[in-house]
Amino acid sequence: MSKIDWANLSFSYIKTDYNVRSYFKDGQWSDLEETTSEELTMHMAATGVHYGQQSFEGLKAFKGKDGKVRIFRMEENAKRLQNSADGILMQPVPTELFNKAVVRAVELNLDYVPPYESGAALYIRPLLFGSGPKVGVSPADEYTFVVFVTPVGPYFKEGFKPTKQMISREFDRAAPQGTGHLKVGGNYAASMRAGKIAHEGGYSSVLYLDSKEKKYIDEAGPANFFAIKGNKYITPLSHSILPSITNMSLIQLAKDMGLEVERRKVELEELSEFDEVGACGTAAVISPIGQVDDVDNNKSYCFGDPNIAGEISTKLYNKLRGIQYGDEPDNHGWVTIL
Ligand code: PLP
Ligand code: COI
């Protein structure tokens, strides 16, 4: 293993020692296979590569001050992968197999879990795809499930510093009755062109509006959206956004802190009334948003000090990270300690 600069990791792929795999064939999942190979072999007519019959997950493992490794809300990722599988007619991965694969992938790569002081984490990437051949558009008979891990730093290079996001009306990430609520690769392919335009304009991400009316806020390219208004935590309710496990956790932490939680349609115009806004997700953690530019209308919405995260976002961030690293009690049973 070459030396890793833990404190300066970005969100990118670093080779680790092992990954684990299971194959669905003839009506059953195989025993977990442990491999050092980074390659996958599949049929050239696999539905995963032709018709996007594919889903992935993202969760993290953290090393605490006590040296123990904690995996955050693994069961929720298992459920979401099953939901994504159901949505695009893939064979679901049983929770027991999912959990076993995630734990094993971490155990086999313990040297890659970043040290507590670095503030980095081990990103866990489960992947499920149709690996059996079809030429007509129909679900595969065979599926491949892989879990690999890679140590990561912040998704947005600014980390816990406010960034700017851009509203895009030109591109939709997901259709109103489409697959936005599933974690399927097609949603991300659909977001790449808009994402590139945003990055070239100096924005950390696109902030998508609902694709039907372009009136309500949906979510950012790789993360959910939340806002703080007085004593309220407000987050969009929409069929075309991914049910974020981080957001679900922040909703609970906000309630624990005595905030009122509103999950509802959030109008774009409401941005002018919010005290703090942010993006949240496994990769993004909380990424405070300092400014949203509605470039089509030449309008900017600004939130607080452009260089410092807001007070409530900071409290939520510290609480969440505290639980993940084992510095705060895990009152809701979110953490699996290895
Ligand atoms: N929204 C999108 C589009 C995402 O890709 C992610 C990342 O997984 C999230 C939201 C955040 O979800 P979670 O908090 O479960 O990681
Ligand atoms: C995550 O937060 O886990 C994600 O999957 C976001 C991004 C890397 C697509």
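Here the structure is a predicted model, which is why all the values come from computation and not from measurement. Just follow the structure's listing: the first ligand is 1, and inside any ligand the first atom is 1.
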Judged on heavy-atom distance to [atom], which of [options] sits nearest?
atom                   : options                      : result
atom 8 (O) of ligand 1 : Arg80, Arg73, Lys183, Glu76  : Lys183
atom 3 (O) of ligand 2 : Phe56, Tyr123, Tyr155, Phe11 : Tyr123
atom 9 (C) of ligand 1 : Ser205, Pro222, Gly58        : Pro222

Taking [atom] as the reference point, the nearest protein heavy atom with its distance:
atom                    : value
atom 6 (C) of ligand 2  : Pro222 O, 3.7 Å
atom 16 (O) of ligand 1 : Thr282 OG1, 2.5 Å
atom 9 (C) of ligand 2  : Tyr188 CE2, 3.6 Å
atom 1 (N) of ligand 1  : Glu219 OE1, 2.6 Å
atom 5 (O) of ligand 1  : Tyr188 OH, 2.5 Å

Heavy-atom side-chain proximity of Arg321 to Asp327 below 4.5 angstrom: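 Counting from C-beta outward, Arg321 and Asp327 never come under 4.5 Å.
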Cation-pi check, Lys63 to Tyr116: give yes when NZ or CZ is under 6.0 Å from the six-membered ring centre and within 45° of the ring axis, no otherwise. no
Is it true that the side chains of [X] and [Y] contain a donor and an acceptor less than 3.5 Å apart?
X      : Y      : result
Asp256 : Gln252 : yes
Tyr203 : Asp293 : yes
Tyr112 : Asp17  : yes

With the threshold set at 4.0 Å, does a side-chain nitrogen-carboxylate oxygen contact exist between Asp141 and Lys134? yes
When you measure from the heavy atoms of Met248 to every atom of ligand 1, does any distance fall below 4.0 Å? no
Mind checking whether Ser191 has a heavy atom under 4.0 Å from ligand 1? no
Are the ring centres of Tyr123 and Phe11 closer than 6.0 Å?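 When the ring centroids of Tyr123 and Phe11 are compared, they turn out to be within the sub-6.0 Å range.
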Given the side-chain rings of Tyr233 and Phe226, with only the six-membered ring counted for Trp, is the space between their centroids under 6.0 Å?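 Close enough - the centres of the two rings lie under 6.0 Å apart.
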Within ligand 1, which atoms have a heavy atom of Arg173 less than 4.0 Å away? 3 (C)
Please list, in number order, the atoms of ligand 1 under 4.0 Å from a heavy atom of Asn224. 1 (N), 10 (C)
In terms of atom number and element, which parts of ligand 2 are under 4.0 angstrom from non-hydrogen atoms of Ala283? 1 (C), 2 (O)
I'd like to know if Tyr18 and Leu97 are part of one continuous hydrophobic network [Ile/Leu/Val/Met/Phe/Trp/Tyr, side-chain heavy atoms within less than 4.5 Å]. yes
Measure the distances from the heavy atoms of Lys183 to every atom of ligand 2 and state whether one is below 4.0 angstrom.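 Judged by the 4.0 Å heavy-atom criterion, Lys183 does count as contacting ligand 2.
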